[in-house]
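To start, the structure under review is shown below, and the notes come after it.
Note that these values count all heavy atoms, side chains included, but never hydrogens, waters or copies made by symmetry. Only a predicted model underlies this, so the values are computations on that prediction, with no experimental measurement involved. Residue numbers start at 1 and run along the sequence shown.
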Amino acid sequence: MAAPRAPRTLAAQECRFALVLLAPALLLLLVITTAPLVYLVWNSLQRIDMSMPWLSGFAGLDNYAKMGGDPRFWNSLWLTFIYTGSTVMLQIVVGLSLALLVLRIPKGQGVLRVAAILPIVLAPVVVGLFWRTLVLAPDVGLVDMVTRALGLGSYNWLGDPHMALISVIAIHTWQWTPFAFLVLLATLSTLPEDVYEAARLDRAGPWQRFVYITLPLIRPAIVVVMIMRMMTALSAFAAIFAATGGGPGSATEILNLYAYRTSFSELNIGYGSALAVVLMAITLVISYCLFRLRRPR
């Protein structure tokens, strides 16, 4: 007579139950994220030009080689780095400054936190249209009214190639600085007071306490904010598209907008897909480098 089968262990049952619960989410993630990415990479290896469909076929790495001699690609890549670096740095500096200021306000912090959430919950398209029609509109915009009242004259903030990039950086910074502010404020409120008391007893000044105590303690939070804001800035589209459409000319045409214009305006889907893959690769590399900063020294 065969020996009875050993009963399943509790650990095996829990593992199987966890897999059953996790399987639908993994399947959904595979369908809505992984499959489109694979299809994007495959399209980037194809010659898909809807204006000349008879030339369609496998292109290999030709779309990527084409970028080397494409001045519009290098211009959009340069604008992407300027836009991303400027907005992320401004958000962290302004957000940290506001958090340090609000932390010294004993009352009313709840109201300030609720007010800070308002720009975040607005759709980027709404933010772009709001700034285009009410804030940066020539003659009737809020900024133009202030500059004319100060005797500085009127400017075409979104129509001037030299001012348009600064304007879209200001739009993105205005919308997402509250995110950095809220994260850093929550982190600062959890710092131990006894460390600062010991520093005061050792006659450490405010700047020394900030540099040698505050910054090292909130470094993980700053890195997380940098990663999340950088990923959003690299993939920015709606606010810039609503405010300037990537113009005037290509003054605000970051890489994401260039990929969109190439794919859906010029109908060169193969080359547009290659541009999107390059943007994804840049995002992954920068994210990996920033994640390494989270490791303790």
Side-chain angles (χ1 to χ4, degrees), residues 67-98 119 122-180 226 229-266 271-272 275-276 278-279 282-283 286:
M67 296 178 194
D70 184 3
R72 191 175 167 189
F73 164 73
W74 293 109
N75 178 68
S76 64
L77 185 63
W78 174 244
L79 291 177
T80 300
F81 286 137
I82 294 177
Y83 178 82
T84 302
S86 301
T87 55
V88 172
M89 289 299 104
L90 284 172
Q91 289 171 53
I92 292 177
V93 172
V94 177
L96 180 57
S97 302
L98 291 176
L122 294 176
V125 174
V126 175
V127 173
L129 293 175
F130 168 75
W131 278 72
R132 179 178 180 176
T133 57
L134 297 178
V135 181
L136 297 177
D139 298 326
V140 297
L142 298 177
V143 175
D144 236 32
M145 290 182 180
V146 173
T147 56
R148 283 189 286 111
L150 296 176
L152 300 177
S154 177
Y155 299 92
N156 190 1
W157 300 96
L158 297 175
D160 187 342
H162 300 289
M163 302 296 297
L165 182 61
I166 298 175
S167 300
V168 296
I169 289 174
I171 293 172
H172 190 91
T173 303
W174 175 83
Q175 183 178 17
W176 293 110
T177 293
F179 175 83
M226 287 181 63
R229 302 309 337 128
M230 181 271 305
M231 295 176 68
T232 302
L234 285 173
S235 61
F237 175 82
I240 301 178
F241 188 78
T244 65
S250 58
T252 58
E253 187 183 62
I254 62 175
L255 191 54
N256 200 19
L257 274 168
Y258 181 32
Y260 170 82
R261 282 180 163 184
T262 302
S263 298
F264 300 105
S265 297
E266 302 171 11
Y271 189 52
L275 293 170
V278 169
L279 178 60
I282 293 173
T283 304
I286 296 178

Shortest non-hydrogen contact from [X] toward [Y]:
| X | Y | value |
| --- | --- | --- |
| N156 | P138 | OD1-CG, 3.6 Å |
| A239 | I171 | CB-CG2, 4.4 Å |
| P119 | P178 | CG-CG, 4.0 Å |
| G153 | T147 | O-OG1, 2.9 Å |
| G272 | A259 | O-CB, 3.8 Å |
| A243 | L158 | O-CD1, 3.7 Å |

Go through the structure and list residues passing side-chain hydrogen bond (donor to acceptor under 3.5 Å, both in side chains) with [X], not counting sequence neighbours.
| X | value |
| --- | --- |
| T283 | none |
| T252 | T244 |
| N75 | none |

Side-chain heavy atoms of [X] within contact of [Y], under 4.5 Å:
| X | Y | answer |
| --- | --- | --- |
| S167 | W131 | no |
| I282 | T80 | no |
| D144 | W157 | yes |
| L79 | Y258 | no |
| F73 | L275 | yes |
| Y271 | D70 | yes |

| task | Hey, can you tell me if H172 and W176 have their rings parallel, tilted or perpendicular (30° and 60° cut-offs)? | result | tilted
| CE of M231: more than 12 outside heavy atoms within 6.0 angstrom? | no
| Got a sec, which residues hit salt bridge (charged side-chain N to carboxylate O under 4.0 Å, His left out) with R132, two or more places apart in sequence or on another chain? | none
| task | Can you sort out the partners of R72 under salt bridge (charged side-chain N to carboxylate O under 4.0 Å, His left out), two or more places apart, ordered by chain and number? | result | E253, E266
Could you measure the distance from the [atom1] atom of [X] to the [atom2] atom of [Y]? Nearest 0.5 Å is fine.
| X | Y | atom1 | atom2 | answer |
| --- | --- | --- | --- | --- |
| Q91 | Q175 | CD | CD | 9.5 Å |
| M89 | R229 | CE | CZ | 12.5 Å |
| I92 | F179 | CD1 | CZ | 10.5 Å |
| T262 | L257 | OG1 | CG | 10.5 Å |
| I166 | L136 | CD1 | CG | 11.5 Å |
| Y155 | D139 | OH | CG | 13.0 Å |

| Hey, is the main chain of G95 close enough, under 3.5 Å, to the side chain of T177 for a donor-acceptor pair? | no
| Counting N and O atoms only, with roles assigned by atom type, does the side chain of W74 sit under 3.5 Å from a partner on the main chain of G69, one being a donor and the other an acceptor? | no
| request: Not counting sequence neighbours, which residues clear ring pair (Phe, Tyr, Trp, His ring centres under 6.0 Å) with F264? List them please. | output: Y260
| said: Please tell me whether N256 and Y83 have a donor and an acceptor in their side chains that are separated by less than 3.5 angstrom. | reply: no
